[in-house]
Amino acid sequence: MNYLKSLLFLVLLCSFFALVSYKSKENKKNSSYSIKLDSCVYKGKKLYGRVQLVEFQSQADVKVKIVNSFPDLRVRFVENFADECGEWRIVENNADLKVYITENFPDFTIQPVTSFPGLSN
């Protein structure tokens with residue numbers, strides 16, 4: 001009898017973890033958080049080029065948090081020709097991307113670097 005109870009408990013436990021895993025994968029697919037690895041794009045906006053830092057969250061295309069390790073995107077600030085993934089040229093107007101820097105609930109994290117900008121693997 002104890003053997004059957006243990007077996008039933010094990011089956012229920014495995015079913016629970018399988019369901020949780022499936023729901024987690026489904027939520028990730030439906031999530032609005034999606035940086036496309038092949039094209040360096042987030043929500044239709046390219047993550048390189050002319051970038052304007054904005055003061056208000058409502059003006060921003062994306063919200064980012066600056067971190068020291070394990071970023072989603074490594075960013076190199078350049079003076080000219082920001083044409084590779086993760087290269088940002090800071091401008092005051094005519095921006096390709098408007099960025100709001102936040103500590104809470106960012107769309108993704110960035111790390112300033114001096115070489116090898118781009119998406120983290």
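Follow the hydrophobic side-chain contacts under 4.5 Å out from V67 and you never reach L119; the two are in separate clusters. V113 and F77 are members of different hydrophobic clusters when ILVMFWY side chains are connected at heavy-atom separations under 4.5 Å.
Looking at C40 and L47, their side chains come closer than 4.5 Å, going by heavy atoms from C-beta outward. Using a 4.5 Å heavy-atom cutoff, the side chains of Y48 and V75 are not in contact.
At distances below 3.5 Å, not a single donor-acceptor pair connects side-chain atoms of R76 with backbone N or O atoms of P117. In this structure, the side chain of D96 does not engage the main chain of G49 through any donor-acceptor pair within 3.5 Å.
The heavy-atom pair separating E55 from Q59 by the smallest distance is N-OE1, 3.7 Å. Nearest heavy atom pair, residue V78 against residue A82, reads CG2-CB, 3.6 Å. When all heavy atoms are compared, the tightest approach of K43 to D107 is NZ-OD1, 4.0 Å.
Heavy atoms of other residues, nucleotides or ligands lying less than 6.0 angstrom from NZ of K63 number more than 12. Open room surrounds CG on N68; 12 or fewer heavy atoms of other groups in view lie less than 6.0 Å from it.
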>> Pair Q52, V54 - check side chain to side chain contact (heavy atoms under 4.5 Å, CB included), show working.
In response: CA-CA 6 Å; Q52 180 180 3; V54 295; 4.2 Å; yes
>> side chain to side chain contact (heavy atoms under 4.5 Å, CB included), that's the test. Do F108 and L73 meet it? Break it down for me.
In response: CA-CA 8 Å; F108 56 89; L73 179 69; 4.1 Å; yes
>> What verdict does the side chain to side chain contact (heavy atoms under 4.5 Å, CB included) test give for V91 and V51, after you've listed the backbone C-alpha separation in whole Å, the side-chain angles of each residue and the deciding distance to 0.1 Å?
In response: CA-CA 6 Å; V91 296; V51 174; 6.0 Å; no
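Interatomic distance, CG of D72 versus CD1 of I110, reported as 10.5 Å (0.5 Å rounding). Between atom CD of residue Q57 and atom CD1 of residue I101 there is a gap of 13.0 Å, rounded to the nearest 0.5 Å. In this structure, the separation between CZ on R89 and CG on L97 is 14.5 Å, given to the nearest 0.5 Å. Here the straight-line distance linking atom CD1 of I66 with atom OG1 of T109 works out to 10.5 Å at 0.5 Å rounding. Between the CD atom in Q111 and the CZ atom in F70 there is a gap of 9.5 Å [rounded to 0.5 Å].
Salt-bridge formation is not detected for the pair D61/K98: no Lys NZ or Arg NE/NH1/NH2 atom is positioned less than 4.0 Å from an Asp or Glu carboxylate oxygen.
Side chains of R74 and S120: a donor on one and an acceptor on the other come within 3.5 Å.
Taking the ring centroids of Y100 and F56, they lie at or beyond the 6.0 Å cut-off.
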